[in-house]
Amino acid sequence: MDMKILVVGGGGREHAIAAALSRNSETAIYSVMAKKNPGITRIAKECCIARETDLEKVSAFAKKTGVTHAVIGPESPLEAGIVDRLEKEGIACIGPTKAAARIETDKAFCRNLMTHHQISGNPEYRVFHDADEAVRFVKDHDGDLAIKPIGLTGGKGVRIMGEQVDTAGAIEYIREIKGDVVLEERLKGEEFTLQAFVDGTHIVPMPLVQDHKRAFDGDTGPNTGGMGAYSMPDHLLPFVTRKDLTAALSIMISVVAAMAKEGSPYKGILYGQFMNTAQGPKVIEFNARFGDPEAMNVLTLLASDFAGIVSSITDGTLSASKVAFEPAATVCKYLVPEGYPTAPQVNKPVSLGDMGRAILYYANVDETAGELKTLTSRTLAFVGKAPTLAGAEAIAEHAASGVKGSVRHRRDIGTQALLDRRIAHMKEL
Ligand code: AMP
Ligand code: GLY
């Protein structure tokens with residue numbers, strides 16, 4: 001089956017998408033990205049350097065190259081309506097329309113959809129259009145709240161009271177947001193990611209993954225886009241039972257059904273971020289795309305033809321029989337510039353060491369005349385894949401610690417010590 005597929009986006013996630021698609025030798029990959037990703041450049045037949053939200057440029061390139069399908073990596077082009085635009089040109093997309101992407105781009109829409117359709121897993125929440133009212137609510141409910149701007153924030157917009165801010169800090173933050181705010185009950189438990197392929201009606205889950213948002217070892221420091229993630233050979237997590245997985249998947253199935261009922265059928269990748277609480281999984285948020293880094297874990301494990309999955313999603317013929325993942329563990333570790341995320345050291349040389357069996361995914365990194373240099377965001381990632389978590393961790397850690405330059409990574413991701421802490425935490429609840 002000859003396919004010409006456009007990959008939109010230039011991060012580690014999109015390098016993993018392009019690499020997975022290119023395992024089918026009959027598939028030609030094209031790319032639109034804001035900054036040249038050295039990994040994608042090597043895979044793609046042709047690249048167009050443009051902002052992913054520049055719909056004119058993306059659509060002109062798609063028409064010029066004659067792509068039949070497009071896979072949209074990041075959320076910002078989805079919010080800009082890239083799928084509506086490309087579908088108008090007859091290009092079938094992996095990604096929801098602008099209206100359906102509201103599941104991620106409008107946090108109030110997501111919470112209200114779940115309420116209206118009586119879908120379980122919502123925390124207590126309230127949407128505020130007025131900062132004074134939100135401030136009053138915080139003063140009256142001194143304590144455990146999550147404060148969220150309503151729109152996209154690159155994963156860095158949430159503040160948790162009692163963890164990142166006190167009452168005074170919460171009030172100051174609400175004033176800073178200058179827009180609608182969602183205040184939510186602070187959920188306590190362990191987080192996990194469940195990603196699924198969705199064709200509008202059918203939904204097929206991928207292995208569970210746990211991401212690490214905090215910048216430093218031991219889950220300290222500011223929130224980042226994600227420092228790395230791991231997955232287990234049984235595709236569960238040690239603190240998520242099969243029953244919890246069934247509950248989380250059933251919430252996602254209900255959300256997909258609700259979107260169809262609302263007249264905005266959901267197609268693409270649905271990413272559920274859950275908190276496994278004493279009462280079972282609760283929804284932290286949904287994303288309308290693969291996670292970054294989580295895409296690197298699951299796509300490294302994908303044993304089926306990704307291009308075939310792409311066409312079954314766009315045809316509406318997706319089924320579990322078309323999707324298989326290797327029963328192996330993965331550990332993904334991101335190298336980030338020193339100072340990331342607050343004051344990243346830009347334009348610093350980076351050199352790779354012995355990578356062993358690790359898989360390298362490039363992200364926000366400049367490559368000129370064979371030399372790599374840091375930019376402002378996450379630089380590159382290594383994925384280890386092995387029959388055991390310890391094996392996968394050793395592979396990723398060996399490659400990551402061999403990198404020289406002003407970059408750092410989290411050493412604890414995928415280690416047994418970190419897992420033991422997660423399991424103990426879950427037992428305490
Ligand atoms: P988000 O940008 O929604 O992914 O949130 C970033 C991080 O904030 C999540 O990974 C959670 O750790 C935390 N978070 C978000 N909402 C809640 C909540 N209701 N309760 C506890 N933690 C939350
Ligand atoms: N890893 C979290 C995200 O992609 O939003």
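Only this structure's heavy atoms are used, side chains among them; waters, hydrogens and symmetry mates stay out. As the structure lists them, so they are numbered: ligands from 1, and atoms in each ligand from 1.
With R102 contributing its side chain and A108 its backbone, the two residues share no donor-acceptor pair below 3.5 Å.
Counting atoms of ligand 2 from 1 in the listed order, those under 4.0 Å from a heavy atom of G225 are 1 (N), 2 (C). Of all atoms in ligand 1, listed by their number and element, those nearer than 4.0 Å to a heavy atom of E185 are 18 (C), 19 (N), 20 (N). In summary, the atoms of ligand 1 found under 4.0 Å from a heavy atom of E191, numbered by their order in the structure, are 9 (C), 10 (O), 11 (C), 12 (O). Residue contact check: R289 has heavy atoms under 4.0 Å from atoms 3 (C), 4 (O), 5 (O) of ligand 2. Annotation for ligand 1: atoms under 4.0 Å from non-hydrogen atoms of K213 are 4 (O), 10 (O). Atoms of ligand 1 found under 4.0 Å from any heavy atom of K148, numbered from 1 in the order shown, are 3 (O), 15 (C), 16 (N). Near G291, meaning under 4.0 Å from any of its heavy atoms, are these atoms of ligand 2: 4 (O). Proximity to M275 (heavy-atom distance under 4.0 Å) selects the following atoms of ligand 1: 21 (C), 22 (N). Taking every non-hydrogen atom of N287 and a distance limit under 4.0 Å, the qualifying atoms of ligand 2 come out as 5 (O). Close contacts between ligand 1 and Q273 involve ligand atoms 4 (O), 9 (C), 10 (O) [criterion: under 4.0 Å to a heavy atom].
Among the atoms of V158, none of the N or O lies under 3.5 angstrom from an N or O of ligand 1. An N or O contact shorter than 3.5 Å is missing between R186 and ligand 1 by distance. Any N or O atom pair closer than 3.5 Å counts here, and D211 shares at least one such pair with ligand 2. Between R13 and ligand 2, no N or O atom pair is found at a separation short of 3.5 Å. Taking only nitrogen or oxygen atoms, main chain and side chain alike, E294 reaches within less than 3.5 Å of ligand 2. Below 3.5 Å of separation, one finds no N or O of N223 facing any N or O of ligand 1.
Judged as a salt bridge (Lys or Arg N to Asp or Glu O under 4.0 Å), and not counting sequence neighbours, D244 has no contacts. Y361 pairs by the ring-ring contact (aromatic ring centres under 6.0 Å, His included) definition with H15, not counting sequence neighbours.
E191 and Q273 share a side-chain donor-acceptor pair at under 3.5 Å. For the 3.5 Å distance criterion, the side chains of Q210 and Y230 qualify, holding a donor opposite an acceptor.
No part of T193 comes within 4.0 Å of ligand 2, judged by heavy-atom distances. Looking at K213 against ligand 2, only its side chain comes within 4.0 Å, counting heavy atoms. Contact annotation for D211 and ligand 1: no heavy atom of the residue comes within less than 4.0 Å of the ligand.
The pair K267-E87 meets the salt-bridge criterion, with a side-chain N (NZ, NE, NH1 or NH2) lying under 4.0 Å from an Asp/Glu carboxylate O. Ionic pairing of E190 and R422 is present here: one or more N-O contacts between side-chain nitrogen and carboxylate oxygen are shorter than 4.0 angstrom. Ionic pairing of K188 and D144 is present here: one or more N-O contacts between side-chain nitrogen and carboxylate oxygen are shorter than 4.0 angstrom. A salt bridge links R186 with E163: at least one charged nitrogen is closer than 4.0 Å to a carboxylate oxygen. With respect to the salt-bridge test (charged N to carboxylate O, under 4.0 angstrom), the residues R410 and D219 qualify. Between E184 and R126 there is no salt bridge, since no side-chain nitrogen of the basic residue lies less than 4.0 Å from a carboxylate oxygen of the acidic one.
Judged by the shortest distance from any of its heavy atoms, P293 lies inside the 4.0 Å radius around the atoms of ligand 2.
Stacking of R13 on the aromatic ring of F290 is not recorded, the 6.0 Å distance cut-off and the 45° axial limit not both being met.
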